[in-house]
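Encoded as structure tokens, the structure appears first; notes follow it.
Both backbone and side-chain heavy atoms feed into the values below; hydrogens, waters and symmetry mates do not.
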Amino acid sequence: MMLLPAAASAAPGPATSVARFSALNAAQRSSLLAIARDTWKFYATDVDPTTHLPLDNVTFAGGSATPTGYGRYTSASNIGVYLWAVVAAKDLGLITSAQANDLAGATLTEVAQLRRFDGFLFQWYDTTTGHVIRNPADIDCTTETTPTFDNCYFLSNVDNGWYASGLIEVRQALPALQPVADALLAEMNFGLFYDSRPETHCNVNPAVTGNQPTGQMFGGYYAGLPPDVGDNWLHYYHNGALYSDPRISAYIGMGLHQMPGNVWWRSWRELPPPAPFPDCQATDPDFSWQGQWPMPGTWVTYTDPQSGQPFPVWEGHYVYTGSDLTFIPTFAGGMFEGLMANEVVPETSWGSHSFGRADVRTARVQIKYATQQLGYPVWGMSPSSTPDDSGGYGGFGVEGLVFPYYGVGADASHPSQGLSQCHGCASEDVVTPHASFLALDVTPQQAYANISTLRSQYPGIYGVDGFFDAVNPTTGAVGHRYLVLDQSMIMAALDNALQNRALQRYFADDPVSWAAQTYLGLEKMIVD
């Protein structure tokens, strides 16, 4: 194993070294600004006029010019990315700074009144009342008075990470709202989601009940039912795959000094083989069922720049079958798993050998697989609405289902050659526009061309408020729905593409950014 030295400083302070973005010509920029203008119209319909909370979705069945259905519920993620969208609209000149202050301020005033736990938002809220609900169209949680393992008491790690990212963007982009954003962020301690139980040099700790991967983040927390009491741990899981959307919480949790660097090193880039120590071989999990196994790679020991503690890390990668394209897989092959964090965290600038490179490779895998293996005229798979007006939502992603998959016990003689860690967790028959916009930062010309092809090849995918959420690239069937999550990813991507990575620069100027800049620069995750 190779030992790398600690970084010179654990906290370099506010970072402004975000690379300039000027990859689009004037005509392309004009076209994208027009899309931003249409997309922004959606929010006038989407945001509840009384609570100022963003609705999860609005349906325009059949491509109607007026709404035919409303998803009157919201989440921490929805609130956080709506704040992104307000900032983006201000940056793009679609609203004034005063209007942005009014819109974001009204939402944050309501958020301050919502039922929370240690500042964290629960899973679902009714947008008409602001009450916590168990699930969409389900009970009001005021009827549940005893903590229970359901969504009335569940706090999502990743959703609250996106919510916190929205607060960070607001306090940098809208100085008048900094006091309220600071106050809401100050209530939150992401250490709540960190599994701080004793660690070993193995991938898991067999001394902890359940052979747990300690040092990682829990996927969530049940208020009043902590994981270290009785058998509560049975209801908890870990966000062990670092190259997925929950890493936003690691960036922020470490940046706020609420999680140690351990969470970075103990989380997995790929699902690893047993750690290279004799006592780990029998107790570390067997991940031979994953989408690609065996994989090339090596164990590298990194020294944490804060604690000086050494950590063995599996630095592996997947290889696109029949090519030399190497990449880090997401769990289910979805674009936002890989690229959503880059909308605010400057991964392409700070992680050119780590997650920034992984982001570029994710887009290349998506393009190559959809166009060459599946023969689609467009690409971009990510969880989205189904391509119909049923109101369904599905997991869509590039899993490489056409490639050989052996499953548990795969070895060099019987390899698995998929493109995601999970086989069969997503289907590959739906394209969503937000995936192309996420790729603008990493493959700008190919992303712009794909956006144009989506609109010309499937004219029904574009409505009064911009791109509808989903299309079946074979049949042309469209899901005539707008999701505030996906529309806000589009707005964020357009702000970054047209305003020189504005959202990334806001994050970089925030004190919380020191951790992302430090840790992204330490690794070479993909070595060609």
Nearest heavy-atom neighbours spanning V430 and A470: CG1-CB, 3.8 Å
Beyond-backbone contact of Y222 with T148, side-chain heavy atoms, under 4.5 angstrom: no
Note, V132 side chain near W124 side chain (heavy atom, < 4.5 Å): no
Within the 6.0 Å centroid threshold, strictly below: F355 and Y243: yes
Inter-residue atom distance R134.CZ - T143.OG1, 0.5 Å rounding: 7.0 Å
Separation between CE of M340 and OG1 of T330, rounded to the nearest 0.5 Å: 14.0 Å
Validation row: Y43, P54 side chains within 4.5 angstrom (heavy atoms): no
Where A164 and L185 come nearest, the two heavy atoms and their spacing: CB-CD1, 3.8 Å
Parallel, tilted or perpendicular: rings of Y462 and F467 (30°, 60°): perpendicular
N/O donor-acceptor pair under 3.5 Å between S349 side chain and A19 backbone: yes
Side-chain donor or acceptor of T453 paired with backbone N/O of A449 under 3.5 Å: yes
Salt-bridge present (D359, R247; N to O < 4.0 Å): yes
Check: F190 ring centroid to F120 ring centroid under 6.0 Å: yes
Sidechain-backbone polar pair: R481 side chain, G392 backbone, donor-acceptor under 3.5 Å: yes
Side-chain donor/acceptor of E337 to backbone N/O of A332, under 3.5 Å: yes
Check: I133 main-chain N/O paired with D140 side-chain donor or acceptor under 3.5 Å: no
Partner set under salt bridge (Lys or Arg N to Asp or Glu O under 4.0 Å) for R116, not counting sequence neighbours: E187
Evaluation steps, side chain to side chain contact (heavy atoms under 4.5 Å, CB included), between L339 and M489: CA-CA 10 Å; L339 271 61; M489 283 191 275; over 6 Å; no
Check: D56 main-chain N/O paired with T74 side-chain donor or acceptor under 3.5 Å: no
Step-by-step side chain to side chain donor-acceptor pair (under 3.5 Å) determination, S382 to H434: CA-CA 8 Å; S382 191; H434 78 253; 3.0 Å; yes
Audit row: E347, Y251, side chain to side chain donor-acceptor pair (under 3.5 Å) steps and yes/no: CA-CA 11 Å; E347 292 182 333; Y251 287 134; 2.5 Å; yes
Main-chain N/O of R266 paired to Q216 side chain as donor or acceptor, under 3.5 Å: yes
Centroid-centroid under 6.0 Å between Y125 and Y73 rings: no
Heavy-atom side-chain proximity of S156 to Y221 below 4.5 angstrom: no
Nearest heavy-atom neighbours spanning V263 and S267: O-OG, 2.7 Å
Non-hydrogen side-chain atoms of W350 and S17 separated by less than 4.5 Å: yes
Side chain to side chain contact (heavy atoms under 4.5 Å, CB included) evaluation trace for D182 with R171: CA-CA 7 Å; D182 283 350; R171 74 179 183 182; 3.0 Å; yes
side-chain contact (heavy atoms from CB on, under 4.5 Å) involving A241 - partner list, sequence neighbours excluded: Q421
Ring-face cation contact, Y153 with R115, 6.0 Å cut, 45° max: yes
From CA spacing to verdict: side chain to side chain donor-acceptor pair (under 3.5 Å), D159, S75: CA-CA 7 Å; D159 287 335; S75 67; 5.0 Å; no
Side chain to side chain donor-acceptor pair (under 3.5 Å) between Q172 and D509, intermediate numbers included: CA-CA 7 Å; Q172 290 298 322; D509 285 337; over 6 Å; no
Sidechain-backbone polar pair: Q28 side chain, P444 backbone, donor-acceptor under 3.5 Å: no
Spacing of CE belonging to M491 relative to CH2 belonging to W40, to within rounding of 0.5 Å: 6.0 Å
Pair F21-N496, side chain to side chain contact (heavy atoms under 4.5 Å, CB included): steps then yes or no: CA-CA 8 Å; F21 185 86; N496 283 326; over 6 Å; no
Contacts of D228 that satisfy side-chain contact (heavy atoms from CB on, under 4.5 Å) - sequence neighbours left out: P226
Closest approach of L174 to A100 (non-hydrogen atoms, all atoms of both residues): CD2-CB, 3.9 Å
R505 bridged to E169 by N-O distance under 4.0 Å: no
Ion pair D126/R72, N-O distance below 4.0 Å: no
Flag side-chain contact, heavy atom, 4.5 Å: N157 against F218: no
Main-chain N/O of L121 paired with N160 side-chain donor or acceptor, under 3.5 Å: yes
Nearest atoms (heavy-atom pairs only) where W264 meets L242: O-CD2, 3.7 Å
Ring centres under 6.0 angstrom apart (H257, W514): yes
Working for side chain to side chain contact (heavy atoms under 4.5 Å, CB included), residues K41 and V464: CA-CA 8 Å; K41 295 175 188 173; V464 293; over 6 Å; no
Near-ring test H480/F60, centroid separation under 6.0 angstrom: no
Nearest heavy-atom neighbours spanning A363 and A439: CB-CB, 4.3 Å
4.5 Å side-chain heavy-atom contact, D429 and M381: no
Any side-chain heavy-atom pair of S436 and L454 under 4.5 Å: yes
Sidechain-backbone polar pair: D469 side chain, G479 backbone, donor-acceptor under 3.5 Å: no
